[in-house]
Amino acid sequence: MRKQIAVLASGGGSNLQSIVQHLASLGTGSPADVVLVASDRPDAGALQRGRGHGMHVVAMDREQRTSGMLALLARHAVDLVVLAGYLRFVPVEVTRSYRGRLVNIHPALLPAFGGTGMYGHHVHEAVLARGARVSGATVHFVDEEYDHGPIIAQWPVPVFAHDTASTLAHRVLEVEHALYPRVIQQLAEGVISLGADGHVHGAPAHLAPSYFALRPDPGAAVEGIRAVLG
Ligand code: GRF
């Protein structure tokens, strides 16, 4: 039985796009379908993309993104909730009901550069201001705190002296697009799960050493992610 995914997004939805494309590339072997795209912003590009793919799209009002979110997800028989640039707090009843079935991607290596106020370009500006030499993408289970739940997968990218928030964001985003869909696939397949002990099981915990070298070309990172995650 294919799992039903809801993607929650506030922005352009490039991660949504990469997830949809990846699942489509698996054809009949895909373990999941995106059935619902929901946003707190009626003008979010993600909603446009969802519409383009013929999915149910919802521009959530205040009620739907707070006390009504669980009912909204239930109405669409959602098994897995994927945050892809969703900037609002997810209600606690949702994080509890979807424990182990609710994930987020963050454009830095958590637990650094995460938490309240750390979203979008703010993250990359903070990385540059701090002089970090390495950043990356983190996929994690969502709990009741921003950017806090158990980490499922990470991938590093180098930070260069000439970087701006925008060049760094671009480099990280390429990695996000390779990493997130594959993690979601493995979650839907049941390869990755969150144990009752709070530990992540079946995660691609370790990077293949040969790919760990921080090569500047994003192609190398994508190649590495494929080698580790399939
Ligand atoms: C990504 O960088 C993601 O890590 C962060 O928000 C951004 C969303 O980008 N949480 P997009 O809307 O998927 O293009």
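In listed order, ligands and their atoms are each counted from 1.
- The shortest contact between atom 4 (O) of ligand 1 and any protein heavy atom is with E176 OE1, 2.7 Å.
- Proximity to S14 (heavy-atom distance under 4.0 Å) selects the following atoms of ligand 1: 11 (P), 12 (O), 13 (O), 14 (O).
- Within 6.0 Å of atom NE2 in H170, 12 or fewer heavy atoms from other residues, nucleotides or ligands are found, so the atom counts as exposed in its surroundings.
- Ligand 1 lies less than 4.0 angstrom from a heavy atom belonging to G12.
- Environment of NE2 in H76: crowded, with over 12 heavy atoms of neighbouring residues, nucleotides or ligands closer than 6.0 Å.
- Counted by atom type alone, Q185 and R182 present zero donor-acceptor pairs between their side chains at under 3.5 Å.
- In terms of protein heavy-atom proximity, atom 12 (O) of ligand 1 is closest to G13 N, 2.8 Å.
- For atom 13 (O) of ligand 1, the nearest non-hydrogen atom of the protein is N15 N, 2.8 Å.
- In the model, S14 has a side-chain atom that pairs as donor or acceptor with a side-chain atom of H177 under 3.5 Å.
- Side-chain atoms of H53 and Q17 form a donor-acceptor pair, as typed in the model, at a separation below 3.5 Å.
- Not a single N or O atom of A84, backbone or side chain, sits closer than 3.5 Å to an N or O atom of ligand 1.
- Heavy atoms of other residues, nucleotides or ligands lying less than 6.0 angstrom from OH of Y146 number more than 12.
- Given atom 6 (O) of ligand 1, the protein heavy atom at minimum distance is G85 CA, 3.3 Å.
- Considering backbone and side-chain atoms alike, I105 places an N or O below 3.5 Å from some N or O of ligand 1.
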